[in-house]
Peer 1: 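The structure's right below; bear with me while I get my questions together.
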Amino acid sequence: MLKPELHHFKRAALEVSKHGDNDTLPFDMDVRFCGDEAEALATIAYGFYNELRDSQAAKDNHERISALHIHSERLLAPSGPTGFRVVTKIHLFWNIYLNGLAIAVAEALEPQRSPCVHSYRFLSDGGEQLFDATRSWRAFKEATVSQASIAGDEAVIVQTDISSFYEHVSHHYIENLINTLGGDAGPVSKQVNALLSKLFAGRSFGLPVGGQGARILAELFLNRVDAALTSRGVQWNRYVDDYVLIAANTAPKKTTSYL
């Protein structure tokens, strides 16, 4: 059940102080401040969340955030030896706030996730490390090789990814998926929708690349795809938006005729 608490926001602040507010960019000076004042920042964030959640008007959860100035920057960061990608740098407080809500989402979502997913598996121990380091790209590839070897030499293996995935995630779908988690899902979904809309200048799609909150929301989005594949009997493994599908070859076998 989804229920943001003070410890979710504190964990978000400590994670930022340990790993930075955006892992595609250099550390800022305020990261040290974030670690020193993690308790105070978390208390402010949790207090604001409670104020919105307890408002008599449910729409306040969206409208109050929509009325605020939430500073962010769209920047270019290196991607490989010759390329760049657009990343989003969010004001420190709002980064903590979004990540705190997302950590609560991850806690509610994790029991529903398939073991075939190898990306960003949430650790509930409350430490600064949000995700299980053993569930990695390497683990994804090893599981794929193992599953393919069991399927046999004639198995059909499809490797694919979702093109420009982060840029096209619908905020309305994210809101609807959060609403399936129970508890405080209503106010959380409205607030997350409003924050994403502010970060993308009013557009209704896109996740801010580089932060942990976006990673969790991306996993929430793809969890529905994972469930659909499983329900149809497909063997699969996934790391973020990279899928490997494994199936038996159902094509009729060729026969040799000597006539």
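Note that the coordinates shown come from a computational prediction; the quantities given were computed from them, not determined experimentally.
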Peer 1: Quick one: CG on Leu98 to CD on Gln212, what's the gap to the nearest 0.5 Å?
Peer 2: 11.0 Å
Peer 1: Can you give me the closest heavy-atom contact between Val117 and Arg113, atom names plus distance?
Peer 2: CG1-NH2, 3.1 Å
Peer 1: Salt bridge or not for Asp28 and Lys89, using N-O below 4.0 Å?
Peer 2: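 Yes, Asp28 and Lys89 are salt-bridged.
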Peer 1: Inspect the contact between Asp184 and Arg53 and indicate whether a charged nitrogen and a carboxylate oxygen are less than 4.0 angstrom apart.
Peer 2: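 Here Arg53 pairs with Asp184 in a salt bridge, since their nearest N and O are under 4.0 Å apart.
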Peer 1: Evaluate whether atom CZ of Phe165 has more than 12 neighbouring non-hydrogen atoms of other residues, nucleotides or ligands under 6.0 angstrom away.
Peer 2: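 Atom CZ in Phe165 is crowded, with more than 12 foreign heavy atoms closer than 6.0 Å.
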Peer 1: Out of curiosity, does Val188 fall in the hydrophobic cluster containing Tyr97 (side-chain heavy atoms, cut-off under 4.5 Å, transitive links)?
Peer 2: yes
Peer 1: Can you tell if the side chain of His118 reaches within under 4.5 Å of the side chain of Thr134, non-hydrogen atoms only?
Peer 2: no
Peer 1: Is any side-chain heavy atom of Ile174 closer than 4.5 Å to one of Phe221?
Peer 2: yes
Peer 1: Under 3.5 Å, is there a donor-acceptor pair between the side chain of Ser189 and the main chain of Ala185?
Peer 2: yes
Peer 1: What is the distance from atom NZ of Lys198 to atom CD1 of Ile65, rounded to the nearest 0.5 Å?
Peer 2: 10.0 Å
Peer 1: Do other residues, nucleotides or ligands put more than 12 heavy atoms under 6.0 Å from Arg74 CZ?
Peer 2: yes
Peer 1: Given the rule that I, L, V, M, F, W and Y join up when any side-chain heavy atoms are under 4.5 Å apart, are Val86 and Leu195 in one cluster?
Peer 2: no
Peer 1: Given side chains that start at C-beta, do those of Val240 and Tyr120 come closer than 4.5 Å, heavy atoms only?
Peer 2: yes
Peer 1: Measure across Cys34 and Ala13 and return the closest heavy-atom pair with its distance rounded to 0.1 Å.
Peer 2: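 Scanning both residues completely, I find the closest heavy atoms to be SG-O, 3.2 Å.
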Peer 1: Please report the interatomic distance CG(Asp60) to NZ(Lys190), rounded to the nearest 0.5 Å.
Peer 2: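 Taking CG in Asp60 and NZ in Lys190, the distance rounds to 12.0 Å.
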Peer 1: So if you build clusters from Ile, Leu, Val, Met, Phe, Trp, Tyr with side-chain heavy-atom gaps below 4.5 Å, do Leu92 and Phe9 land together?
Peer 2: no
Peer 1: Within the side chain of Ser197, is there an N or O that forms a donor-acceptor pair under 3.5 Å with the backbone of Ala194?
Peer 2: no
Peer 1: Test side chain to side chain contact (heavy atoms under 4.5 Å, CB included) on Phe27 and Arg32 and set out the steps.
Peer 2: CA-CA 9 Å; Phe27 275 32; Arg32 173 72 179 272; over 6 Å; no
Peer 1: What heavy-atom pair brings Gly213 and Ala102 nearest, and what distance separates the two atoms?
Peer 2: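 Looks like CA-CB, 3.6 Å.
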Peer 1: Dump the intermediate steps for side chain to side chain contact (heavy atoms under 4.5 Å, CB included) on Leu245 and Leu229, then the final yes or no.
Peer 2: CA-CA 9 Å; Leu245 314 178; Leu229 289 172; 4.3 Å; yes
Peer 1: Do Tyr49 and Gln191 pair up side chain to side chain, a donor and an acceptor below 3.5 Å, judged on atom types alone?
Peer 2: no
Peer 1: If you apply the rule side chain to side chain donor-acceptor pair (under 3.5 Å), what do you find for Glu15 with Asn99, and how did you get there?
Peer 2: CA-CA 9 Å; Glu15 198 279 333; Asn99 286 0; 4.7 Å; no
Peer 1: Measuring from Glu107:CD to Met1:CE, what's the distance to the nearest 0.5 Å?
Peer 2: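 Answer rounded to 0.5 Å: 10.5 Å.
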Peer 1: Any chance CZ of Arg232 has more than 12 other-residue heavy atoms, nucleotides or ligands included, within less than 6.0 Å?
Peer 2: no
Peer 1: Looking at every non-hydrogen atom in both residues, tell me the closest pair between His8 and Gly100 and how far apart they are.
Peer 2: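 Scanning both residues completely, I find the closest heavy atoms to be CB-O, 3.7 Å.
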Peer 1: When you group the ILVMFWY residues by side-chain heavy-atom contacts below 4.5 Å and let the links chain together, are Leu52 and Ile70 in the same group?
Peer 2: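 Yes, Ile70 connects to Leu52 through the hydrophobic network.
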Peer 1: Could you check whether Trp236 and Thr230, counting side-chain N and O atoms only, form a donor-acceptor pair closer than 3.5 Å?
Peer 2: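 Yes, because at least one side-chain N or O of Thr230 sits under 3.5 Å from a partner of the opposite role on Trp236.
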Peer 1: If hydrophobic clusters are built from ILVMFWY residues whose side chains come within less than 4.5 Å, do Leu68 and Leu101 share one?
Peer 2: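 Yes, because Leu68 and Leu101 connect within a single hydrophobic cluster, where side-chain heavy atoms sit under 4.5 Å apart.
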Peer 1: Report yes if some heavy atom in the side chain of Phe93 is under 4.5 Å from a heavy atom in the side chain of Ile44; otherwise report no.
Peer 2: yes
Peer 1: With the threshold set at 4.0 Å, does a side-chain nitrogen-carboxylate oxygen contact exist between Glu219 and Arg215?
Peer 2: no
Peer 1: For Arg238 and Ser119, run side chain to side chain contact (heavy atoms under 4.5 Å, CB included): C-alpha distance rounded to whole Å, both residues' side-chain angles, the deciding distance at 0.1 Å, then the answer.
Peer 2: CA-CA 7 Å; Arg238 177 172 70 79; Ser119 50; 3.7 Å; yes
Peer 1: Examine distances only and state if a side-chain atom of Arg135 and a backbone atom of Phe140 form a donor-acceptor pair shorter than 3.5 Å.
Peer 2: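 No: the side chain of Arg135 does not pair with the backbone of Phe140.
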Peer 1: Parallel under 30°, tilted from 30 to 60°, perpendicular over 60°: which one fits the rings of His71 and His69?
Peer 2: tilted
Peer 1: Is a donor from one side chain sitting under 3.5 angstrom from an acceptor on the other, for Tyr239 and Asp161?
Peer 2: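 Per modelled atom types, Tyr239 and Asp161 side chains form no pair under 3.5 Å.
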Peer 1: Please determine, by modelled atom types, if Ser124 and Glu110 share a side-chain donor-acceptor pair under 3.5 angstrom.
Peer 2: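 No, Glu110 and Ser124 have no side-chain donor paired with an acceptor closer than 3.5 Å.
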Peer 1: Is there a side-chain contact between Glu175 and Val192, using heavy atoms and a 4.5 Å cut-off?
Peer 2: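 SC-SC contact between Glu175 and Val192 ruled out.
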Peer 1: Using distance alone, with no hydrogens and no angle criterion, decide if Ser164 and His168 have a side-chain donor and acceptor under 3.5 Å apart.
Peer 2: no
Peer 1: I need the minimum non-hydrogen distance between Ala148 and Ile246, along with the two atoms involved.
Peer 2: N-CD1, 3.7 Å
Peer 1: Between the side chain of His171 and the main-chain N/O of Gly206, is any donor-acceptor distance below 3.5 Å?
Peer 2: yes
Peer 1: Show your working on side chain to side chain contact (heavy atoms under 4.5 Å, CB included) between Arg64 and Phe48 and close with a plain yes or no.
Peer 2: CA-CA 11 Å; Arg64 283 279 300 278; Phe48 182 63; 3.8 Å; yes
Peer 1: Check each of Leu222, Val158, Thr144 against Tyr243 using the side chain to side chain contact (heavy atoms under 4.5 Å, CB included) test, and report the only one that passes.
Peer 2: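 For Tyr243, the side chain to side chain contact (heavy atoms under 4.5 Å, CB included) test succeeds with only one of Leu222, Val158, Thr144, which is Leu222.
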Peer 1: Mind checking whether Gln112 and Asn223 have side chains closer than 4.5 Å, heavy atoms only?
Peer 2: yes
Peer 1: Say you draw a straight line from CG of Asp132 to CZ of Arg121; how long is it, rounded to the nearest 0.5 Å?
Peer 2: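 Those atoms lie 8.5 Å apart.
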Peer 1: Do Ile90 and Asp21 have side chains that get closer than 4.5 Å, going by heavy atoms?
Peer 2: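 A side-chain contact is absent here, since even the closest heavy-atom pair is not under 4.5 Å.
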Peer 1: Measure the spacing between CG of Leu217 and CG of Leu196 and express it to the nearest 0.5 Å.
Peer 2: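 It comes to 6.0 Å.
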Peer 1: Could you report the tightest heavy-atom contact between Val209 and Tyr166, atom names first, then the distance?
Peer 2: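 For Val209 versus Tyr166, the nearest heavy atoms are CG2-CD2, 3.7 Å.
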Peer 1: Between Lys141 and Asp242 (salt bridge meaning N to carboxylate O under 4.0 Å), is one present in this structure?
Peer 2: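 No.
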